[in-house]
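Read through the structure below, which is laid out as structure tokens, and then see the notes.
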Amino acid sequence: MASASLPRMVSADDVSQVLMYADLIPLMEKTLADFSRGDGTVVQPVRTTIPVEQHQGFFLVKPGYHVSGETMACKLLTLYPNNTDRPSHQACIVLFDPTNGSPLAVMDGGHITDMRTAAASAAATKHLAKDSPRVHAILGTGHQAYSHFHALNHLYKFDQVRVWGRTPANVQKFAAETGATPCSTVEEAVKDADIITTVTMSRTPVLKKEWIKPGIHINAVGACVPDWQELDPELVLSSVVYVDTKEAAPKESGDIILSKAEVYGEVGEVILGKKEAFKDKTTIFKSLGQS
Ligand SMILES: NC(=O)C1=CN([C@@H]2O[C@H](COP(=O)(O)OP(=O)(O)OC[C@H]3O[C@@H](n4cnc5c(N)ncnc54)[C@H](O)[C@@H]3O)[C@@H](O)[C@H]2O)C=CC1
Ligand SMILES: O=C([O-])C1=[NH+]CCC1
């Protein structure tokens, strides 16, 4: 029996040299749309999440097969919110050849997770936000805050990007590194903002309805656990809620489960023209990390 060759190892440095938002944002638009076709173009069940209770962590397994793209992979991800000496999210992605089942590569998944998630939010923003947004407010100062800063800046020329975080030193660091305007309260950061991105590890709401200008777009990226929230339930209930996956949202999103809000549709359905983009209303993209 012929033995399969060992898969190639692809480091975070390798990834960062080739992955660019100019390619990734259109690719995420296509992937979100393919996922929502509902014709088997993409086979991706809701991920498996194993709580690692004795270490306050989670182990997530995310397999997927893009049939027409001939891509088959599984992301293995750990989420340890209390990590201080290493990232809270660590991952590797194993890529297989769908024609013969051979493993092709084991890729570092950290940088891919940061950029893929931000590119999905950028794709959602492009289809759900009003044109020419002026102010982007980012809540959170971690990995996703940086990647969302860069992905959204790739799409728009903002007059101002504002940042708030619960740790003032991290807000100052983010501001110094990116040129964003540091804010000491959420209210100050989101006042009159056209786009808000929530990328915190909070388990309770950080963003309130009364602080935002109606008719804006919100990328709600954190709180991917059934009993975690980032958004005030009143805000969720009064907005049009879009998701990446309708199947996962009622199982995984605390913001949807606890507010009992209805999901209007998937971003992929908007891209396909199957669902409307209500740009005059407040829109929320509740991202869960599918596709
Ligand atoms: N939807 C998706 O596809 C993905 C979602 N995520 C989620 O996005 C969020 C951010 O992820 P990363 O930036 O990688 O994490 P990170 O660990 O790099 O940063 C977390 C940030 O949240 C802040 N934070 C922690 N507890 C808080 C609280 N109680 N209130 C306010 N801020 C708090 C931290 O100070 C830090 O700024 C997490 O909830 C993560 O699970 C991450 C990857 C993909
Ligand atoms: O897709 C992803 O990597 C994640 N989704 C929620 C937490 C991390």
Side-chain angles (χ1 to χ4, degrees), residues 28 31-32 35 44 46-51 56-64 73-93 107-124 138-151 163-175 177 180 182-186 189 197-207 218-231 242-245 248-249 251-256 267 284-291:
M28 284 314 302
T31 311
L32 287 161
F35 177 77
Q44 193 177 23
V46 176
R47 65 190 159 213
T48 298
T49 302
I50 298 175
Q56 295 89 49
F58 300 91
F59 178 40
L60 293 86
V61 181
K62 304 174 59 176
C74 185
K75 177 159 133 183
L76 306 166
L77 170 79
T78 57
L79 166 47
Y80 278 58
N82 301 330
N83 277 356
T84 50
D85 61 344
R86 65 199 68 205
S88 55
H89 296 67
Q90 299 170 84
C92 61
I93 298 169
M107 303 186 282
D108 177 273
H111 198 58
I112 296 177
T113 295
D114 295 346
M115 288 187 71
R116 187 223 68 88
T117 307
S121 297
I138 300 175
L139 307 182
T141 57
H143 283 72
Q144 292 293 337
Y146 283 89
S147 58
H148 279 76
F149 173 87
H150 292 296
V163 62
W164 168 87
R166 64 176 182 165
T167 310
N170 292 344
V171 175
Q172 291 305 330
K173 180 170 176 284
F174 186 96
E177 287 171 359
C183 297
S184 48
T185 64
V186 174
T197 297
T198 61
V199 274
T200 74
M201 195 81 77
S202 185
R203 293 157 196 237
T204 53
V206 291
L207 180 62
I218 299 167
N219 294 306
V221 178
C224 297
V225 178
D227 58 354
W228 292 16
Q229 289 168 287
E230 273 191 312
L231 309 179
Y242 301 83
V243 292
D244 38 11
T245 152
K251 296 179 181 147
E252 297 189 331
S253 166
D255 281 318
I256 289 169
V267 171
I284 294 174
F285 169 46
K286 177 55 239 166
S287 162
L288 284 163
Q290 198 84 355
S291 72

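For the single chain, residues carry numbers from 1 onward in sequence order. These numbers come from a predicted model, not from an experiment. First listed ligand is number 1; within each ligand, the first listed atom is number 1.
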Under 3.5 Å: N/O of H89 near N/O of ligand 1: yes
Residue and atom name of the nearest protein heavy atom (relative to atom 4 (C) of ligand 1), distance in Å to one decimal: T117 CG2, 3.7 Å
Parallel, tilted or perpendicular: ring planes of F149 versus F174, cut at 30 and 60 degrees: perpendicular
Protein heavy-atom partner closest to atom 23 (C) of ligand 1 - residue, atom, separation in Å: M201 N, 3.9 Å
Identified side chain to side chain contact (heavy atoms under 4.5 Å, CB included) partner of I93 from the options L76, L77, I112: I112
Sequence-distant partners of T185, side-chain contact (heavy atoms from CB on, under 4.5 Å), two or more places apart: E187, E188
Minimum non-hydrogen distance to atom 35 (O) of ligand 1, winning option of R203, E230, R166, H143: R166
Proximal atoms of ligand 1 relative to G289 (non-hydrogen, under 4.0 Å): 1 (N), 2 (C), 3 (O)
Heavy-atom side-chain contact between E252 and R47 under 4.5 Å: yes
Contact atoms of ligand 1, heavy-atom distance to S287 under 4.0 Å: 1 (N), 2 (C), 3 (O)
Ligand-side contact atoms (ligand 1) for residue partner C224, heavy atom cut-off under 4.0 Å: 1 (N), 5 (C)
Ligand 1 to T113 polar contact by distance, N or O atoms, under 3.5 Å: no
Nearest neighbour in protein (non-hydrogen) for atom 10 (C) of ligand 1: V199 O, 3.4 Å
Residue pair Q229, T204: steps toward the side chain to side chain contact (heavy atoms under 4.5 Å, CB included) verdict: CA-CA 5 Å; Q229 289 168 287; T204 53; 5.8 Å; no
Sub-4.0 Å atoms of ligand 1 with respect to non-hydrogen atoms of S88: 15 (O), 16 (P), 17 (O)
Protein residue, atom and distance nearest to atom 30 (N) of ligand 1, heavy-atom basis: S202 CB, 3.5 Å
Heavy-atom side-chain contact between N83 and Q90 under 4.5 Å: yes
Heavy-atom check, side chain of S287 versus side chain of N219, under 4.5 Å: no
Shortest protein heavy-atom distance from atom 36 (C) of ligand 1, along with the residue and atom involved: G142 N, 4.0 Å
Pairwise side-chain contact, R203 with D227, heavy-atom cut-off 4.5 Å (strictly under): no
Within-4.5 Å side-chain heavy-atom neighbours: V163 and T141: yes
From T78, N82, T84, residue fulfilling side chain to side chain contact (heavy atoms under 4.5 Å, CB included) relative to Y80: T78
Identity and separation of the nearest protein heavy atom to atom 9 (C) of ligand 1: T200 O, 3.3 Å
Numbering as shown, the atoms of ligand 1 that approach R116 to under 4.0 Å (heavy-atom distance): 3 (O)
Set of residues that line ligand 2, where lining means a heavy atom lies under 4.0 Å from it: R47, K62, K75, L77, H89, T113, C224, L288, G289
Residue, atom name and distance, where the atom is the protein heavy atom closest to atom 12 (P) of ligand 1: Q144 CG, 3.7 Å
Which residue and heavy atom of the protein sit nearest atom 7 (C) of ligand 1, plus the separation: V221 O, 3.6 Å
Close-contact set for ligand 1 against A223 heavy atoms, below 4.0 Å: 39 (O)
Qualifying residue, where the test is side chain to side chain contact (heavy atoms under 4.5 Å, CB included) with L139 and the options are T198, T197, I218: T198
Contact (N/O only, under 3.5 Å) between L79 and ligand 1: no
Shortest non-hydrogen contact between A118 and Q144, atoms and distance: N-OE1, 4.2 Å
Close side-chain approach of T48 and F59, heavy atoms under 4.5 Å: no
L288 to ligand 1, any heavy atom closer than 4.0 Å: yes
